[in-house]
Amino acid sequence: MKVGASEKPKDPFGAALETLRDHLRDGRLVSGEPLTITDLARDLGLSATPVREALSRLAGERLIEDRRGRGYFAPRLDVSDLVELYGLRRLYLAEALAADDGPAAFPTADEAMLALPIANQLNQILDWIVARAGNRALFDAYRQVGERLAPSMRAEAQVLPLADELASLHTALADRGELASALVRLHEARRLRAPELIRALRAGANIASL
């Protein structure tokens, strides 16, 4: 998909970077597939240089793999990766809760929010918890883990009771201790069911590659 229609973007690197991020989030880059610079540049309607620079940035953020001498590849998560990343996200959320010293209510859900997929609603709550801490470095680290977990989060609805988890989080928002416990349960469920998430993820990748 080209980044622009009739004219070239003023910032080709930024356009390539954001488009490739979107492709990673929505699963258009199949797990483990080679990311060929010339093919991507043609698909995006850009020259090779900004695409190469964008891939280098994404590799530095560990969102794609840089296999020296072989090129760049879409990430291929395994069970141990999920266990580690979900554990790290839980730690960031716990740190955010500890740093948040004021009472606050999660914004009342409007029609637009309620129309979102349940997974998006759940992640909005998690984002809100970390943003409340007011620590930019913490939020950036949390978001980077979220980017790496994006493929798995797409598979969560196939494996986990997201509606029940969302209801539990909403109930727990009024009490910090209850919220901390709910976050532990949410992340332990993902760590325990990491093998199922990986199977769902790879099944989806196999379909996408057909």
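Between L20 and Y72 there is no side-chain heavy-atom pair separated by less than 4.5 Å. Side-chain contact between Q124 and L116 is present, with at least one heavy-atom pair separated by less than 4.5 Å. Taking 4.5 Å as the limit, some side-chain heavy atom of L166 sits within range of a side-chain heavy atom of H170. T171 has its side chain out of reach of E178: every pair of non-hydrogen atoms, C-beta onward, lies at least 4.5 Å apart. The shortest side-chain heavy-atom distance between L63 and R21 falls under the 4.5 Å cut-off.
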F13 vs L46, side-chain contact (heavy atoms from CB on, under 4.5 Å): CA-CA, chis, key distance, verdict: CA-CA 9 Å; F13 164 73; L46 296 169; over 6 Å; no
Full working for side-chain contact (heavy atoms from CB on, under 4.5 Å) between L162 and E165: CA-CA 5 Å; L162 298 189; E165 291 180 333; 3.3 Å; yes
- request: Verify side-chain contact (heavy atoms from CB on, under 4.5 Å) between L24 and E147, making sure each step is shown before the conclusion.
  value: CA-CA 8 Å; L24 285 166; E147 294 279 5; over 6 Å; no
task: Report the C-alpha separation of L126 and L183 in whole Å, then their side-chain angles, then the decisive distance to 0.1 Å, and conclude whether the side-chain contact (heavy atoms from CB on, under 4.5 Å) test is met.
output: CA-CA 9 Å; L126 302 185; L183 291 172; 3.5 Å; yes
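With hydrogens and angles disregarded, a donor-acceptor distance shorter than 3.5 Å links the side chain of R154 to the backbone of R25. When atom types are taken as modelled, the side chain of Q144 and the backbone of E61 share a donor-acceptor pair closer than 3.5 angstrom. Judged by distance alone, with hydrogens and angles left aside, the side-chain atoms of R190 form a donor-acceptor pair with the main-chain N or O of L186 at under 3.5 Å. A side-chain donor-acceptor contact under 3.5 Å links R193 to the backbone of V159. The backbone N or O of L93 sits nowhere less than 3.5 Å from a side-chain atom of Y142 that would complete a donor-acceptor pair. Under a 3.5 Å cut-off, the side chain of S56 and the backbone N or O of R52 do not form any donor-acceptor pair.
To the nearest 0.5 Å, atoms CZ (R28) and CG (D22) are separated by 7.0 Å. Expressed to the nearest 0.5 Å, how far CG of L173 lies from CH2 of W128 amounts to 5.5 Å. Separating the CG atom in N120 from the CD1 atom in I125 is a distance of 12.0 Å, to the nearest 0.5 Å. For the atom pair CG (L122) and CG (D127), the distance works out to 10.0 Å, reported to the nearest 0.5 Å. Here L35 contributes atom CG and E65 contributes atom CD; the two are 9.5 Å apart, rounded to the nearest 0.5 Å.
By the 4.0 Å N-to-carboxylate-O rule, D140 lies too far from R143 to be salt-bridged with it. Note on R76 versus D78: no salt bridge recorded, every NZ/NE/NH1/NH2 to OD/OE distance being 4.0 Å or above. Salt-bridge formation is not detected for the pair E188/R185: no Lys NZ or Arg NE/NH1/NH2 atom is positioned less than 4.0 Å from an Asp or Glu carboxylate oxygen. Between E196 and R199 no salt bridge is recorded (no basic side-chain N to carboxylate O distance below 4.0 Å).
Under the 4.5 Å side-chain contact rule for hydrophobic residues, I64 and F73 do not share a cluster. Under the 4.5 Å side-chain contact rule for hydrophobic residues, V79 and L88 share a cluster.
Nearest heavy atom pair, residue H23 against residue L44, reads NE2-CD2, 4.2 Å. Nearest heavy-atom pair across Y86 and R191 is CB-CG, 4.0 Å. Between A182 and L169, the shortest heavy-atom contact is CB-CD2, 4.1 Å. Taking both residues in full, the closest heavy atoms of L138 and A133 are given as CD2-CB, 4.3 Å, listed atom of the first, atom of the second, then distance. Scanning both residues, A194 and V83, for their nearest heavy atoms gives CB-CG2, 4.1 Å. Of all non-hydrogen atoms in L149 and L85, the two that sit nearest each other are CD2-CB, 3.7 Å.
Remark: R62 CZ is loosely packed, at most 12 non-hydrogen atoms of other residues, nucleotides or ligands lying under 6.0 Å away.
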